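Reviewing the structure listed below.
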Amino acid sequence: MRVILLGAPGAGKGTQALRLKEKYQIPQLSSGDMLRAAVEARTPAGISAKAIMDKGGLVPDETVVGIVAERIEAPDAEAGFILDGFPRTVRQAQALDKLLAAKNMALDSVIELEVDDAALLGRIAKRASETLASGGTVRADDNPEAFEVRLSAYHAQTAPVSEYYRQRGLLKTVDGMASVDDVASAIEQLIDR
Ligand code: AP5
Ligand code: MG
């Protein structure tokens with residue numbers, strides 16, 4: 001099973017990807033997590049991405065496509081995967097199509113979590129305070145200034161990705177304002193249909 005989760009910053013992509021990973025025993029491929037790992041490891045890609053990510057902008061397509069493509073090649077992704085946060089531009093979606101076609105793979109579903117903009121910042125703030133309370137490190141982009149840039153990037157550059165998949169008959173939408181459990185059930189119903 002190959003699924004893409006689309007949605008604004010804080011929409012619940014990571015939360016739902018983890019649920020799907022447990023249920024279907026396939027890896028969660030989060031481009032944000034991969035980039036944060038590259039930043040942490042100070043790889044060349046990580047070093048150049050850090051300043052962009054901290055401000056909330058999108059990392060160049062070439063960088064992200066390279067990192068994700070390598071991850072899709074890993075043996076554990078052969079039976080399927082959940083893409084979380086990728087693709088985020090139409091160019092990334094086109095690159096993914098090429099990559100999958102070369103491997104004779106197809107996407108099963110693209111699921112968009114629809115959440116009101118007004119609810120997103122509160123979720124990000126809650127995640128940041130919970131991370132602090134548990135002694136973790138808050139993401140460098142989990143602050144109101146970077147969030148505004150992330151949200152603008154989402155509307156300007158990622159919204160056309162939904163249209164790209166809608167035109168290909170792959171897009172399904174879920175009410176992301178519902179509880180985590182209800183969103184998970186709605187996604188499972190779409191996948192199992
Ligand atoms: P990325 O890591 O992908 O971050 P994001 O898209 O901004 O989204 P988040 O991870 O903040 O939110 P989420 O949707 O995963 O929500 P979560 O489940 O955590 O990207 C970070 C940066 O990396 C980008 O800005 C960019 O710079 C770069 N990048 C990454 N991918 C890229 C790409 N493809 N191209 C270019 N650049 C890229 O939930 C959030 C909170 O809400 C949690 O506290 C959770 O508990 C809560 N919550 C979840 N669901 C619900 C619910 N149903 N009800 C109530 N609360 C909920
Ligand atoms: Mg996430």
Side-chain angles (χ1 to χ4, degrees), residues 4-21 28-40 45-46 48-72 82-96 99 110-134 136 138-162 164 174-187:
I4 293 175
L5 292 181
L6 292 177
K13 302 181 294 294
T15 303
Q16 296 301 331
L18 270 180
R19 296 276 186 120
L20 292 171
K21 175 184 167 179
Q28 168 197 10
L29 311 189
S30 158
S31 50
D33 287 350
M34 291 176 216
L35 286 165
R36 282 184 286 277
V39 169
E40 191 71 18
S48 66
K50 186 180 185 321
I52 300 171
M53 292 174 73
D54 286 359
K55 288 202 188 105
L58 289 187
V59 172
D61 291 332
E62 295 71 23
T63 308
V64 186
V65 169
I67 290 177
V68 174
E70 196 178 319
R71 184 63 187 84
I72 288 179
I82 307 130
L83 278 169
D84 154 12
F86 179 92
R88 245 176 164 93
T89 64
V90 169
R91 280 188 62 211
Q92 291 178 19
Q94 289 165 338
L96 177 66
L99 199 84
V110 179
I111 298 171
E112 181 171 18
L113 306 175
E114 294 183 316
V115 177
D116 298 345
D117 279 3
L120 297 169
L121 182 57
R123 288 191 184 185
I124 297 282
K126 183 167 159 273
R127 182 176 62 195
S129 58
E130 284 171 355
T131 304
L132 260 187
S134 65
V138 174
R139 270 171 54 174
D141 60 348
D142 271 356
N143 57 69
E145 296 73 32
F147 171 78
E148 281 309 318
V149 181
R150 285 156 67 192
L151 189 58
S152 301
Y154 173 74
H155 286 302
Q157 288 161 281
T158 310
V161 175
S162 303
Y164 180 89
V174 163
D175 175 14
M177 294 294 287
S179 70
V180 170
D181 284 346
D182 285 351
V183 176
S185 311
I187 292 175

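As the structure lists them, so they are numbered: ligands from 1, and atoms in each ligand from 1. In this text, all values refer to a predicted model and were calculated from it rather than measured experimentally.
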Nearest-contact summary for atom 31 (N) of ligand 1 - protein heavy atom, Å: Ser31 OG, 2.7 Å
Residue part near ligand 1, for Ile124, under 4.0 Å between non-hydrogen atoms: side chain
Find all atoms of ligand 1 within a distance of less than 4.0 Å from any non-hydrogen atom belonging to Leu58, and give their numbers and elements. 36 (C), 37 (N)
Is the contact between Asp61 and ligand 1 made by the side chain, the backbone, both, or neither, using heavy atoms and a 4.0 Å cut-off? neither
Proximity to ligand 1 by part of Val59, non-hydrogen separation under 4.0 Å: both
Quick one: does Met34's side chain get under 4.5 Å of Leu29's, heavy atoms only? yes
Specify side chain, backbone, both or neither for Arg139, according to which of its non-hydrogen atoms lie closer than 4.0 Å to ligand 1. side chain
Report the nearest protein non-hydrogen atom to atom 54 (N) of ligand 1: residue, atom name, distance rounded to 0.1 Å. Arg123 NH2, 3.3 Å
Going from CZ on Arg150 to CG on Leu120, what distance comes out if it is rounded to the nearest 0.5 angstrom? 9.5 Å
Give the residue and atom name of whichever protein heavy atom lies nearest to atom 28 (C) of ligand 1, and the separation in Å to one decimal. Leu35 CD1, 3.6 Å
Nearest 0.5 angstrom please: Asp54 CG to Ile52 CD1, how far? 10.0 Å
Counting N and O atoms only, with roles assigned by atom type, does the side chain of Lys13 sit under 3.5 Å from a partner on the main chain of Ala8, one being a donor and the other an acceptor? yes
How long is the gap from CD on Glu112 to OG1 on Thr158, to the nearest 0.5 Å? 10.0 Å
Can you find a non-hydrogen atom of Ile52 under 4.0 Å from ligand 1? no
Tell me: protein heavy atom nearest atom 45 (C) of ligand 1, and distance? Thr15 OG1, 3.7 Å
So do Arg123 and Val115 actually touch side chain to side chain, heavy atoms under 4.5 Å? yes
Between Asn143 (side chain only) and Ala146 (backbone N and O only), is there a donor and an acceptor less than 3.5 Å apart? yes
CD/Gln94: more than 12 non-hydrogen atoms of other groups inside 6.0 Å: yes
So, regarding Gly57 and ligand 1 (criterion: nitrogen or oxygen to nitrogen or oxygen, under 3.5 Å), is there a contact or not? yes
Going by the 4.0 angstrom heavy-atom rule, the piece of Ser179 near ligand 1 is backbone
For atom 35 (N) of ligand 1, what's the nearest protein heavy atom and its distance? Gln92 NE2, 2.9 Å
Evaluate Asp84 for polar contact with ligand 1, using N/O atom pairs at a separation under 3.5 Å. no
Identify the protein heavy atom lying closest to atom 9 (P) of ligand 1, giving its residue, its atom name and the separation to 0.1 Å. Arg127 NH1, 3.5 Å
Can you name the residues that form a salt bridge (Lys or Arg N to Asp or Glu O under 4.0 Å) with Arg88, not counting sequence neighbours? none
Could you check Leu5, Leu96, Leu6 and say which one makes a side-chain contact (heavy atoms from CB on, under 4.5 Å) with Leu83? Leu96
When rounded to the nearest 0.5 angstrom, what is the spacing between CG in Leu35 and CD in Glu40? 13.0 Å
Do any heavy atoms of Ala49 fall under 4.0 Å from ligand 1? no
Separation of Ser31 OG from Arg71 CZ (nearest 0.5 Å): 12.5 Å
Answer yes or no: is there a side-chain heavy-atom contact under 4.5 Å between Val180 and Gln16? yes
N/O separation below 3.5 Å, Gly7 to ligand 1: no
Any N or O on Asp33 sitting closer than 3.5 Å to an N or O of ligand 1? no
With side chain to side chain contact (heavy atoms under 4.5 Å, CB included) as the criterion, how do Gln28 and Leu20 come out once you've worked through the C-alpha distance, each side chain's angles and the decisive distance to 0.1 Å? CA-CA 8 Å; Gln28 168 197 10; Leu20 292 171; over 6 Å; no
Does any part of the side chain of Arg127, heavy atoms only, come nearer than 4.5 Å to the side chain of Arg139, both counted from C-beta? yes
Side chains of residues 55-70: which donor-acceptor pairs under 3.5 Å do they make with residues two or more places apart or in other chains?
| unit_1 | atom_1 | unit_2 | atom_2 | d |
| --- | --- | --- | --- | --- |
| Asp61 | OD1 | Thr89 | OG1 | 3.0 |
| Asp61 | OD1 | Gln92 | NE2 | 2.9 |
| Glu62 | OE2 | Arg91 | NH2 | 2.9 |

With only distance considered, is Gly14 within less than 3.5 Å of ligand 1 through an N or O on each side? yes
Report yes if some N/O of Arg150 lies less than 3.5 Å from some N/O of ligand 1; otherwise report no. yes
Please determine if Ala178 has a nitrogen or oxygen closer than 3.5 Å to a nitrogen or oxygen of ligand 1. yes
Nitrogen or oxygen atoms of Arg36 and ligand 1 under 3.5 Å apart: yes
Tell me, which protein residue and heavy-atom name are nearest atom 24 (C) of ligand 1, and how many Å apart are they? Arg88 NH2, 3.7 Å
How far is atom 12 (O) of ligand 1 from its nearest protein heavy atom, and which residue and atom name does that atom have? Gly10 N, 2.9 Å
Ala8, portion touching ligand 1 at heavy-atom distance under 4.0 Å: backbone
Heavy-atom check, side chain of Ile187 versus side chain of Leu113, under 4.5 Å: yes
Just heavy atoms, cut-off under 4.0 Å: does Val64 contact ligand 1 by side chain, backbone, both, or neither? side chain
Have a look at Gly32, Gly85, Ala93, Ser129 and point out the one with the heavy atom closest to atom 34 (N) of ligand 1. Gly85
Any idea which atoms of ligand 1 are less than 4.0 Å away from a heavy-atom of Val180? 50 (N), 51 (C), 52 (C), 53 (N)
Any side-chain heavy-atom pair from Glu130 and Lys126 closer than 4.5 angstrom? yes
Test your reading of the structure: does Lys13 have an N or O sitting under 3.5 Å from an N or O of ligand 1? yes
Polar contact flag for Ala11 and ligand 1 (N/O pairs, less than 3.5 Å): yes
What are the atoms of ligand 1, with element, lying closer than 4.0 Å to any heavy atom of Gly176? 53 (N)
